[in-house]
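Notes for the one structure printed next.
Bear in mind that the values here come from a model prediction, so they are computed numbers and not experimental data. Basis for what follows: all heavy atoms, side chains included, without hydrogens, waters or symmetry-related copies.
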Amino acid sequence: MKKLAWPALLLCLHAEAKSPQEQNWQLLETEHFRLMFPKEFQGLAQNASHELEQSRALVLKQQQRQLAKKTDVVLLDPDNAPNGFALPLSHTPTMALFATAPQSDSALHHLSGWMQLVALHEYIHLVHLAQPERSAWRDKLNQLSQLSDLTRLDSPRWVSEGYATLQESKLTGKGRLYSAYAEAWLQQLAQEGALPRYNELNIADGRYQARGFAYLVGARFLAWLEQNYGVEKLDTVWTRQVAIKNRSFDQAFEGVYGVSAQTLYQRFVAEYSFQSMQLQQQLQPLQAKLWLNSKGRQQSPALSPDGTLLAVVTDDSREQSQLQVFLTADNQKAREKFQQSQKELLENDKQDVVDTEPASFNPEQKYLLEQRNFTGMRDPRWLNAETLVFGANTKDQFGNSQQDLFLWHLPSGEVKALSQNAGLRRFDVSPDGRFIIAERQQAGYADLVRLDIATGDIQPQTEAALEQIYDFPRISPNQQQLAVLHFAPQQGWQLQLRDVAGQLQQLVPMPEGYQFLSYPSWSTDGKSLFFVASQQGRLCLYRYDLSSKKLWQLTHGAEMVQMPVPMKNGSLLLQLVNQQGPDLYLTEQFNAVEVTSFAANTNSEGSWLLAKNSIKPAVGDIASQTHTSRTDTVPVQNHLRMPEVQVHQGAPVGASQQPYGVGPQQQSLTLHYHFSNFTPDAIGIALKGGDPVKMLDYQLGVQKDLSHNDFSAAFGAVRYQGWPVKVLLSLQQSRLDLSGQQNFGQGLEKQKSALLQLSYPWRAGEWQFDQQLQLRELDLTGSLGNGELLPDDQNSSASLVLTQSWQHQRNSWGLGFANSFSYHQSAGDSWRGVDWAPEVHGRWQDWILAVEGRWQRRWQQDALLRLGGFSSAAMTAAVDPNRILSSELAFATLQGQDYRRYQLSLAHQSMPPLRLLYRRHQFAGTADLDTYGVAVDLPLSFGVGPVSLSDLQLDLGLFRISPEDAEQDTALWLHLGYQF
């Protein structure tokens, strides 16, 4: 035994990797919240604790609602991007707050502070959806079972997200209901007749920015309901949803309003569209020519130093990012090809009508870069005429996404990483190609940094601070100044001029009433700055002349304008957004108006919907139309406001902090169920417990065949993941009557077992490894259907299991391979064996093909391999390595000493758990057994959160069994259970 244990443990000591649970977690507890966070999030956690307590106090005043239980809050940064989520269980309310703040060009731009906005939004979710049932028996069931608590929630996504978005704005005076960016986008959709239909409010894909419909349109529809029918009436819908009488959302809503939500939504769309069209008629359109029609997401166009190439990030047909480089010269080849096709059309049919010439012949693509083991490519900037720097998401040692920078040499196609797990977001490259200025976001802190391209050294340019954001740093052509957007509480977004060392020089003046501010860009001569700012809920293009210190408004809101790109000849490329996404337009002429009224910051409250009959026919000149103060808007009235955001130096009075340990423990009853027409059924119940971070998990349960008493089992397991070596202890006891299986003779298995498993997973780049040492005691007795007796003595054994995987992924294809090798040996050398399972998988577009093999060999009769049966918490291959589980087959369908399996699987990337499978099972000296069909193997697990939402396994399938020496049969199975 020692000979097996020591090599494995020594191998673990030389590995370099960490799991999320290995971070130095802390627990900060206030009167109503428990905050869990890695140590480096200390400052963010203290700020969040204040915002959470303030949110609770304000919501209680507003709604007279509060949570019955203390709320668990996990602070983390899994994506290096702004987000959060709430799991509204009435007895274990849980939320997660992500550390990274939003950027200037998102619908989240209008905020008083990031942590205040996300904490309030997620807390509203809990108060809205986690109210206890007033039915006593349903509330008791929800207390015992977290899954029961979750399944009671049937509110549509637009209701839950829309209501939280509505309240985030009412209680801060900012938020997405008041966002000028969101308003400009939705008015653009309304003017195109493209606002989402009612059944599209809940979708998260299929249309450009569809994920935002639930938030942006949902909030506006609910605000419209409050304005037209009263706040109290909407509030009664939530009261009715948790009544003793069980109601769906639709029933609760229609009972209050007398008509369905869909009917009233159609009226809202009609009014909103009418008012948007009236506004559009007042605005003078921009004269511009379509230059690049991308028909989808397009961002960050960047012109090469010589002006001959333009880089832009777009989406391919499968909505994965790609970096395209176009020639800026006219695409004469495309024009000639079109003209030739029309000529041939008329030659074939003189009475035919030719196609209308496209508004633009897209420029010719010169280079294309797909993703290469990174995702979310963005923000290309030119290093020189042949090299681009771009950002993309990578994985750090904890499995979290980090934003990093890469070099792409266009002629050779070579891609090289410039940073590693650095959290670098938007950036700019110096004209001499020596350094990069970038914003860095880590653990909630933001600063400007300078990256030396030759050495990779990163040096801070500003002091890292909470609740601050830097965005779009842009170095002037003469390399003397840096224009950068900066956000701070009570200041909002400002456009700053700094020296290249980061020292503030001046603020660029902004038009009065602005709220949105983004996309700064230097003119090619460095004498002017272009940027986009909002005016009366519309996005407009501005130019600031540095010498005269004058500000000019160049567009007037008729288009949703983004990303100005100055050209060498003085013209501009602009992104103009429509329902399909942004397209690039070329323009030279502007109706420029000098701005004479200025604002110091964006610290103003917003409005959202134009009042009825407030639009009058357009009269007067452009200036009088665009600079009217916005008195024709309707604020959402609410006298309650969150306090001004400030950076707190400590936690609230009375709070306590301590090392996380095993964290606050939760318990829930969970269901285990198995059905198969080949094996005994099993239904069971377990008590599952653990903490929200998954430091310690455990479960204890029983299973039984209630129909024929052919299967009974008891099981327990505990797992600890806080050390580099992960520990799992499992205890199992089962009785399986093989005679109860379809097409099977007499047989009985009785098992008592204990397993101690030590594992160390680690990764290096695209390589992943896992090393396991398994120590077990197994008492297995009984007989098989062929009359062969199983061993009746206790069997102490150990296994060393080594697994490895590697993959390379691009947009259109992917390739990977994996290996698993196991060596088993019992005490006293009564038996030993080896297993090897190689796999090669490839992807072309959306289709995934995998070829797998499995070879298992045992040298002694005491280790008879037995094929078939389902895996459950009470029946695992780790406990009995001589059991080969395969859900489509009955237990012990075949036995032998030498087993081989060959498998082919085909899946589609839209639903990879669903696979078409073919398997050939072989034992030496027996006939082959073929099985084929469709199977779903779906592990369901949250990284953090309630215990019932992790380790859940759903397995179902329909297979045809085709023995070489017997009749064919059909297998059907369904398995649901929790397994560590």
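The salt bridge (Lys or Arg N to Asp or Glu O under 4.0 Å) search around E31 returns none, not counting sequence neighbours. Contacts of S941 classified as side-chain hydrogen bond (donor to acceptor under 3.5 Å, both in side chains), with partners at least two apart in sequence or in another chain: none. Looking at residues two or more places apart in sequence or on another chain, you find no salt bridge (Lys or Arg N to Asp or Glu O under 4.0 Å) involving D691. Legend: residues meeting salt bridge (Lys or Arg N to Asp or Glu O under 4.0 Å) with E29, ordered by chain and number and at least two apart, are K70. Qualifying side-chain hydrogen bond (donor to acceptor under 3.5 Å, both in side chains) partners for R297, counting only residues two or more places apart in sequence or in other chains: D315.
No donor-acceptor pair closer than 3.5 Å links the side chain of D235 to the backbone N or O of V231. A donor-acceptor pair under 3.5 Å is formed between the side chain of Q490 and the backbone N or O of V645. Judged by distance alone, with hydrogens and angles left aside, the side-chain atoms of Q441 form no donor-acceptor pair with the main-chain N or O of N80 at under 3.5 Å. Put simply, the side chain of Q64 gets close to the backbone of K61: a donor and an acceptor are under 3.5 Å apart. When atom types are taken as modelled, the side chain of T165 and the backbone of R176 share no donor-acceptor pair closer than 3.5 angstrom. When atom types are taken as modelled, the side chain of E122 and the backbone of A86 share a donor-acceptor pair closer than 3.5 angstrom. At least one donor-acceptor pair closer than 3.5 Å links the side chain of W114 to the backbone N or O of F98. Side-chain atoms of N47 do not come within 3.5 Å of backbone N or O of V647 as any donor-acceptor pair.
A donor and an acceptor atom, one from each side chain of Q666 and T92, are nowhere located under 3.5 Å apart. For the residue pair Q103 / E439, no side-chain donor-acceptor distance below 3.5 Å is found, with atom types taken as modelled.
Contact annotation: the side chain of L97 never approaches that of F41 to less than 4.5 Å [non-hydrogen atoms, C-beta and beyond]. Between S518 and H109, every side-chain heavy-atom pair lies at or beyond the 4.5 Å cut-off. With a 4.5 Å cut-off on side-chain heavy atoms, R378 and N393 count as touching. Looking only at side-chain heavy atoms (C-beta outward), R240 and F253 stay at 4.5 Å or farther from each other. Two residues are said to be in side-chain contact when any heavy atoms from C-beta on lie closer than 4.5 Å; F249 and P156 meet this criterion. Under the 4.5 Å side-chain criterion, counting only non-hydrogen atoms from C-beta, H128 is not in contact with Q63.
Ring centroid separation for the pair Y208 and W185 comes in under the 6.0 Å cut-off. Aromatic ring centres of H110 and Y178 lie farther apart than the 6.0 Å criterion allows. With ring centers used as reference points, W224 lies 6.0 Å or more from Y272.
The distance from the CG atom of L171 to the CD atom of Q62 is 4.5 Å, given to the nearest 0.5 Å.
The two residues A164 and H125 have their closest heavy-atom pair at CB-CE1, 3.6 Å.
More than 12 non-hydrogen atoms from other residues, nucleotides or ligands lie less than 6.0 angstrom from CZ of R134. Enclosure of atom CD in Q266 by more than 12 non-hydrogen atoms of other residues, nucleotides or ligands within 6.0 angstrom is indicated.
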For residues 943-952, please give each side-chain donor-acceptor pair under 3.5 Å, one per line with the distance, not counting sequence neighbours.
residue	atom	partner	partner atom	Å
S948	OG	Q146	OE1	2.8
S950	OG	K694	NZ	3.4
S950	OG	V947	O	3.4
D951	OD1	R719	NH1	3.4
D951	OD1	R719	NH2	3.2
D951	OD2	K688	NZ	3.3
D951	OD2	R719	NH2	3.1

